[in-house]
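Only one structure is covered here, and it is reproduced in the block below.
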Amino acid sequence: MIIVTRLDRTRFAVNPDLIERVHEAPDTTLHVVGGRVYVIQESLPALIDLIVEYRARVLASAQTLAQHQQQQSEA
């Protein structure tokens with residue numbers, strides 16, 4: 001999950017895998033699967049950075065888990 005901020009400054013988490021598209025004109029608008037639309041404070045480049053960081057964390061966690069499982073099977 002990534003944490004974003006609505007225009008009223010409330011924060012919420014969204015699953016980036018469910019984001020269909022994002023528009024920035026001038027507010028950043030998130031369109032997610034199921035038709036929900038959120039207007040957020042983060043810019044489009046900042047949102048992309050959040051998604052990239054999230055995906056990097058997921059991949060790093062998967063790699064750590066795989067290494068741990070491999071060590072367990074070798075023991």
Side-chain angles (χ1 to χ4, degrees):
M1 303 289 272
I2 59 172
I3 298 173
V4 293
T5 310
R6 289 186 174 98
L7 295 182
D8 68 1
R9 298 192 179 164
T10 59
R11 295 174 51 155
F12 69 102
V14 64
N15 182 343
D17 295 327
L18 299 180
I19 297 173
E20 288 184 332
R21 65 186 182 279
V22 180
H23 298 278
E24 184 179 56
D27 294 327
T28 307
T29 306
L30 269 165
H31 297 260
V32 297
V33 173
R36 302 281 315 239
V37 177
Y38 302 100
V39 181
I40 61 171
Q41 289 183 356
E42 289 78 10
S43 67
L44 182 56
L47 179 65
I48 291 170
D49 287 345
L50 288 171
I51 293 169
V52 169
E53 291 168 11
Y54 164 78
R55 296 201 190 291
R57 284 193 315 268
V58 168
L59 291 174
S61 295
Q63 184 176 15
T64 299
L65 180 60
Q67 290 171 349
H68 179 70
Q69 289 176 341
Q70 182 178 3
Q71 291 170 353
Q72 292 286 13
S73 67
E74 292 173 356

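Keep in mind it's a predicted model, so treat the numbers as computed, not measured.
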- Would you please name every residue forming a side-chain contact (heavy atoms from CB on, under 4.5 Å) with E20, sequence neighbours left out?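 If we apply the side-chain contact (heavy atoms from CB on, under 4.5 Å) test to E20, skipping adjacent residues, the hits are V33.
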Same cluster (ILVMFWY, side-chain, under 4.5 Å), [X] and [Y]:
X   : Y   : result
V14 : L18 : no
L30 : V39 : no
V58 : I48 : yes

- Task: Report the C-alpha distance between E74 and Q70 in whole Å, list the side-chain angles of each, state the deciding distance to 0.1 Å, and finish with yes or no for side-chain hydrogen bond (donor to acceptor under 3.5 Å, both in side chains).
- Result: CA-CA 6 Å; E74 292 173 356; Q70 182 178 3; 3.2 Å; yes
- Item | Counterpart residues, side chain to side chain donor-acceptor pair (under 3.5 Å), relative to Q72 (two or more places apart) |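 Per chain and number, Q72 pairs via side chain to side chain donor-acceptor pair (under 3.5 Å) with H68.
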- Message: Over 60° means perpendicular and under 30° means parallel, so tell me whether H23 and H31 are parallel, tilted or perpendicular.
- Response: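 If you compare the ring of H23 with that of H31, the planes turn out perpendicular.
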- Roughly how far apart are D27 CG and R6 CZ, rounded to 0.5 Å?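 So the gap between those two atoms works out to 14.0 Å.
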- Message: Could you measure the distance from the CD1 atom of I40 to the CG atom of L47? Nearest 0.5 Å is fine.
- Response: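 Reported to 0.5 Å precision, the distance equals 4.5 Å.
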- Under 6.0 Å from the CD atom of Q63, do we count more than 12 heavy atoms belonging to anything else shown?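 No, CD of Q63 has 12 or fewer neighbouring heavy atoms, counting only those of other groups under 6.0 Å.
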To check you understand the geometry: which heavy-atom pair defines the closest contact between [X] and [Y], and what is its length?
X   : Y   : value
R11 : T5  : CG-OG1, 3.7 Å
E42 : I3  : OE2-O, 4.4 Å
I51 : I2  : CG1-CD1, 3.9 Å
E24 : L44 : OE2-N, 2.9 Å

- salt bridge (charged side-chain N to carboxylate O under 4.0 Å, His left out) against R55, all qualifying residues, sequence neighbours excluded: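 Partners of R55 by the salt bridge (charged side-chain N to carboxylate O under 4.0 Å, His left out) criterion, ordered by chain and then number, come out as D17.
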- Task: May I ask you to decide if V4's main-chain N or O and Q41's side chain share a donor-acceptor pair within less than 3.5 Å?
- Result: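 No.
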